[in-house]
Amino acid sequence: MSAIAPGALNGLKVLDLTRVLAGPTCTQMLGDLGAEVIKIERPGAGDDTRGFAPPYVPNTRESAYFVGVNRNKKSVTLDIAKPEGQAIIHKLLGECDILVENFKVGALAKYGLGWDELKDRYPRLIYCSITGFGQTGPYAPRPGYDALIQAMGGVMSITGDIEGEPQKVGVPVADLFSGLYGCIGILAAVNHRHATGQGQRIDIGMLDTSVAWLANQASNFLATGENPKRLGNQHPNIVPYQVFPTEDGYIVLSVGNDPTFERFCKLTGQEALLADERFATNAARVSNRQLVTDTLTPVMQTRTTKDWVAALEAAKIGCGPINTLKDVFEDPQVQARGVIVEMDHASGERVQVIANPVRLSATPPGYRSAAPVLGQHTEVVLKGLGMGAEEIAKLRADGIA
């Protein structure tokens, strides 16, 4: 792999006490942007997602799940429940700028590694905790799981067919958003520390973040006091903005305003609708949602998806096919943006990962190292703390490293 220029966060050092998805998403973003990330894993077991398999990366026993969210990190095995392990954590904290953890509330305090135990000893430390429900409130002690948070946070109530059951989103968005909000909080805290020299605590609750990204649906509720209904693939505030069947499949039609609807009607020979007050404005179309859907469905079924995409794009009307993942990765736009990155893995294989979508002109994300095998960097990191070979061997023999 060719040399990689220092990233925007070059010089920052992160102690990563996270596992599964929300926390590792946060720390991978920091790593991609140039920070050095030391990931602490349980000896003999590691991050839970090492066992989330199959599928495995081809020709390895590495879980695809783990590899996808743990690049640009050094894996150090350490039992932090033992005093010797805790002592090593403190040595690392003497060098680190940021600690990220997603243990249950109060769990790290048992090992002397909670915020209250560390804030005075390391006043410059930025300490980010990602939990299901945050550090306060009646639910704080509860564990957080993505599907549970999607349910409690409201998004499942507005996702799914109109007459069907509530549905969770097909990827773990509660975890992912929490990790990204955590990263945003850390970057804000880094800037604050530049100005004041002081670290701080960042408290990320998955339920909080899930409510935050309800976006327009939450605003609609606050404005009306009415629970939004499930609309399947339709938009609550814009019509038509939904999935329609075509001659050979489906298409998403996104008519974002009245001038676009006028172009759509002229393209499809439906100019008469423009004189009908039930269709004339977006507000009217929202009020007559089912009529609009019933009227346009047979129109959209007259052409293939490919033909519709060509015609609608030529008229500057938002549309798109519903791609499978195979379609996604074969799409010329996706390929032109280089969204798949190949990296050398410790197994000797090349692994494919999804590129970081943050495009920075001067300090782009870097791909320095693929997700590590368990404990890959234990010896080099411990030696960097001044430990000798015999001391490290004893830690291994005692099950601490």
Side-chain angles (χ1 to χ4, degrees), residues 9 11-20 22-31 35-43 47 73-137 140-141 143-144 178-179 181-206 208 377-378 381-382 384-387 395 400-401:
L9 302 183
L12 290 177
K13 196 167 186 177
V14 180
L15 184 61
D16 182 357
L17 299 180
T18 73
R19 67 269 192 224
V20 189
T25 295
C26 175
T27 54
Q28 178 168 278
M29 178 63 78
L30 297 172
E36 179 183 357
V37 180
I38 299 175
K39 181 180 179 72
I40 305 299
E41 300 192 68
R42 293 171 296 165
D47 189 314
K73 302 178 186 181
K74 297 175 180 178
S75 174
V76 173
T77 50
L78 198 62
D79 185 351
I80 66 171
K82 295 181 179 178
E84 297 91 339
Q86 295 158 22
I88 293 171
I89 291 292
H90 280 284
K91 288 185 178 182
L92 288 167
L93 284 172
E95 302 179 348
C96 287
D97 303 278
I98 300 158
L99 184 153
V100 187
E101 60 94 6
N102 60 350
F103 282 73
K104 290 181 185 178
V105 171
L108 283 179
K110 295 185 298 185
Y111 310 131
L113 300 175
W115 167 247
D116 288 336
E117 292 76 38
L118 299 180
K119 62 182 180 180
D120 292 331
R121 185 170 177 179
Y122 307 100
R124 291 176 55 82
L125 180 66
I126 296 166
Y127 190 113
C128 179
S129 298
I130 303 174
T131 58
F133 300 95
Q135 300 295 309
T136 60
S178 298
Y181 275 115
C183 185
I184 292 168
I186 288 168
L187 297 180
V190 168
N191 192 58
H192 171 78
R193 197 182 71 173
H194 285 333
T196 67
Q198 294 298 306
Q200 61 180 297
R201 174 74 173 279
I202 301 159
D203 174 10
I204 301 292
M206 292 172 64
D208 299 346
H377 304 94
T378 301
V381 169
L382 294 185
L385 295 175
M387 296 185 183
L395 290 170
I400 294 165

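We count residues from 1, following the sequence as given.
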For the atom pair [atom1] ([X]) and [atom2] ([Y]), what is the distance rounded to the nearest 0.5 Å?
{"X": "His90", "Y": "Glu117", "atom1": "NE2", "atom2": "CD", "result": "9.0 Å"}
{"X": "His192", "Y": "Gln198", "atom1": "NE2", "atom2": "CD", "result": "7.0 Å"}
{"X": "Phe103", "Y": "Tyr111", "atom1": "CZ", "atom2": "OH", "result": "7.0 Å"}

Got [X] and [Y] here, is their nearest side-chain heavy-atom distance under 4.5 Å?
{"X": "Tyr127", "Y": "Leu108", "result": "yes"}
{"X": "Arg19", "Y": "Glu41", "result": "no"}
{"X": "Ile126", "Y": "Ile202", "result": "yes"}
{"X": "Arg201", "Y": "Cys128", "result": "no"}
{"X": "Asp16", "Y": "Lys74", "result": "no"}
{"X": "Leu92", "Y": "Val381", "result": "yes"}
{"X": "Leu30", "Y": "Cys183", "result": "yes"}
{"X": "Leu125", "Y": "Leu99", "result": "yes"}

So, for [X] and [Y], which heavy atoms are closest and what is the spacing to 0.1 Å?
{"X": "Gly134", "Y": "Val105", "value": "O-CG2, 3.4 Å"}
{"X": "Gly197", "Y": "Arg124", "value": "O-CG, 3.1 Å"}
{"X": "Ile130", "Y": "Gly179", "value": "CD1-CA, 4.3 Å"}
{"X": "Ala401", "Y": "Leu382", "value": "CB-CD1, 4.3 Å"}
{"X": "Cys26", "Y": "Gly182", "value": "SG-C, 3.9 Å"}
{"X": "Ser129", "Y": "Glu101", "value": "OG-OE2, 2.5 Å"}

What pairs of donor and acceptor atoms, side-chain ones from residues 78-89 against any protein atom, are under 3.5 angstrom apart with sequence neighbours left out?
{"unit_1": "Asp79", "atom_1": "OD1", "unit_2": "Ala81", "atom_2": "N", "d": "3.0"}
{"unit_1": "Lys82", "atom_1": "NZ", "unit_2": "Asp398", "atom_2": "O", "d": "3.3"}
{"unit_1": "Gln86", "atom_1": "NE2", "unit_2": "Ile80", "atom_2": "O", "d": "3.0"}
{"unit_1": "Gln86", "atom_1": "NE2", "unit_2": "Ala81", "atom_2": "O", "d": "3.4"}

Exercise. For the side-chain contact (heavy atoms from CB on, under 4.5 Å) test, which of Val190, Val14, Leu187 pairs with Leu9?
Worked result: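 Between Leu9 and the candidates, side-chain contact (heavy atoms from CB on, under 4.5 Å) is satisfied uniquely by Leu187.
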Seminar exercise, completed: Checking Ile186, Val37, Leu15, Leu17 against Thr27 for side-chain contact (heavy atoms from CB on, under 4.5 Å), the one that qualifies is Val37
Problem set entry | For Lys119, salt bridge (Lys or Arg N to Asp or Glu O under 4.0 Å) partners two or more places apart | Asp116
For this session: State which residues pass side chain to side chain contact (heavy atoms under 4.5 Å, CB included) with Lys13; sequence neighbours excluded, sorted by chain then number.
Result: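 Applying side chain to side chain contact (heavy atoms under 4.5 Å, CB included) to Lys13 gives Glu36, Ile38, Glu95, Cys96, Asp97.
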Counting distance only, does the side-chain N/O of [X] pair as donor-acceptor with the main-chain N or O of [Y] below 3.5 Å?
{"X": "Asp203", "Y": "Gln135", "value": "yes"}
{"X": "His377", "Y": "Val76", "value": "no"}
{"X": "Thr378", "Y": "Thr77", "value": "yes"}

Exercise. Salt bridge check: are Arg42 and Asp47 linked by an N-O gap of less than 4.0 Å?
Worked result: no
